[in-house]
Amino acid sequence: MKKLAFIGLGNMGRAICSGLIAGGAVAAEDVRGYAPHWDRLEAYARETGIAPCRSAQEAVEGADTVLIAVKPYVIEGVLAELRDALKGKALISVALGYDFARLRALVDESTRVQFVMPNTPAMVGAGVMLFEQASSLLPQERTEIMARFESLGVVEELPTHLMGIGGSVSGCGPAFCAMVIEALADAGVKYGLPRATAYRLASQTLAGTGKMQLATGQHPGAIKDGVCSPAGSTIRGVEALERAGLRAAMLDAIQATMER
């Protein structure tokens, strides 16, 4: 991955690009980018130091690895346009719904393909990057790319049939977590905390709890039990959440994301 091209620099494309550069996985001068809105692309290029390109073709021609981060409904048209330019190159796609088999059918047989499902916390090096096990990248190439993506957070490998649910938990999860942060902060504001302080406390609490679980491997229930003193405040709050159906709501939310 000596020279990297981004086709599409929306929220997800920018999260990955900014994260790779900030984490030192790639140098800004080795990155080229194309997006349809030139003014926004030029501003982002000034901010990060990447080279803006006037066309997708131009971006691809100057790279050995191409990351495509366009909306799923346009990916087939974009890949058709770039079919010849992508010959002999590595293609990483983060377009939802386009797994290895679907991507492979859209490109020349010499194009090496990898499907990845990222999430937005990659922007701050705390993301989840799901690599589909099915891949036509060269073994050493795949190992190198996965290692570089570790600068964006946790890299997990999943079989094709689990990519959907994995993506729902990690890809949709940030929205659900943000709702929890907002709700905790609202409760803090209700009882007098300044809004900015409430957000900091709620966000750090959520981030810290997740970090503690990852570091210790404790069951989440054990972490909860460790905070709940007999007849204490926390267990009363837990009871209220159980009555309100927190667990069922999360299960229903994930089920809703899978019904597509």
Side-chain angles (χ1 to χ4, degrees), residues 11-12 15-16 18-19 22-23 94 96 116-133 146 149-159 161-260:
N11 290 339
M12 187 54 68
I16 296 171
S18 297
V94 299
L96 185 65
V116 178
M117 292 188 72
N119 66 3
T120 50
M123 182 181 292
V124 293
V128 175
M129 315 301 292
L130 301 180
F131 274 67
E132 183 182 10
Q133 284 180 353
M146 290 179 75
F149 269 67
E150 285 177 353
S151 68
L152 303 174
V154 174
V155 171
E156 290 281 349
E157 198 176 28
L158 288 178
H161 73 281
L162 292 179
M163 288 293 285
I165 181 58
S168 287
V169 171
S170 61
C172 303
F176 307 153
C177 290
M179 293 174 72
V180 172
I181 290 169
E182 185 179 30
L184 278 173
D186 281 347
V189 170
K190 176 181 178 181
Y191 287 97
L193 283 176
R195 173 66 63 180
T197 302
Y199 282 151
R200 283 197 301 275
L201 295 181
S203 293
Q204 182 57 43
T205 298
L206 201 70
T209 304
K211 188 172 182 179
M212 181 169 64
Q213 195 285 322
L214 288 171
T216 64
Q218 277 188 291
H219 189 287
I223 294 175
K224 179 260 298 176
D225 289 349
V227 186
C228 292
S229 302
S233 300
T234 306
I235 193 63
R236 291 198 293 273
V238 167
E239 181 188 21
L241 289 173
E242 294 288 11
R243 282 200 308 268
L246 174 66
R247 295 171 193 265
M250 285 295 182
L251 287 164
D252 287 347
I254 293 297
Q255 181 176 330
T257 70
M258 297 295 288
E259 294 171 354
R260 52 177 181 260

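Throughout, numbering of the chain's residues begins at 1 and tracks the sequence.
Residue Ala122 comes nearest to Met129 through the heavy atom pair CB-SD, 4.1 Å, listed as atom of the first residue, atom of the second, then distance. Across Leu152 and Ala15, no two heavy atoms sit closer than the pair CD2-O, 4.4 Å. Considering every non-hydrogen atom in both Pro174 and Pro121, the closest pair reads CG-CD, 3.8 Å. Residues Leu158 and Gly166 approach most closely at CD1-CA, 4.0 Å, considering heavy atoms.
Here CE of Met258 is found 9.5 Å from SG of Cys172. Values are rounded to the nearest 0.5 Å. Here the CD1 atom belonging to Ile16 is positioned 9.5 Å from the CG atom belonging to Asn119, to the nearest 0.5 angstrom. The distance from the CE atom of Met250 to the SG atom of Cys177 is 6.5 Å, given to the nearest 0.5 Å. Separation of atoms CD1 (Ile235) and CD (Glu242) is listed at 8.5 Å; rounding is to 0.5 Å. If you take CD1 on Ile165 and OG on Ser170, they are separated by 9.5 Å, rounding to the nearest 0.5 Å. Rounded to the nearest 0.5 angstrom, Gln133 CD and Met163 CE are separated by 9.5 Å.
The backbone N or O of Gln213 sits nowhere less than 3.5 Å from a side-chain atom of Gln218 that would complete a donor-acceptor pair.
Ion pairing between Arg195 and Asp186 holds under the 4.0 Å rule for side-chain N and carboxylate O.
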Less than 3.5 Å apart, which donor and acceptor atoms pair up between the side chains of residues 199-208 and the rest of the protein, not counting sequence neighbours?
residue: Arg200; atom: NH2; partner: Thr197; partner atom: OG1; Å: 3.3
residue: Ser203; atom: OG; partner: Tyr199; partner atom: O; Å: 3.0
residue: Thr205; atom: OG1; partner: Leu201; partner atom: O; Å: 2.6

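In this structure, Met212 places its CE atom where more than 12 heavy-atom neighbours from other residues, nucleotides or ligands lie under 6.0 Å away.
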Inset, instruction - Determine, step by step, whether Thr120 and Met12 satisfy the side chain to side chain contact (heavy atoms under 4.5 Å, CB included) criterion, reporting the C-alpha distance in whole Å, the side-chain angles of both residues, the deciding distance to 0.1 Å, and the verdict. - result: CA-CA 6 Å; Thr120 50; Met12 187 54 68; 3.8 Å; yes

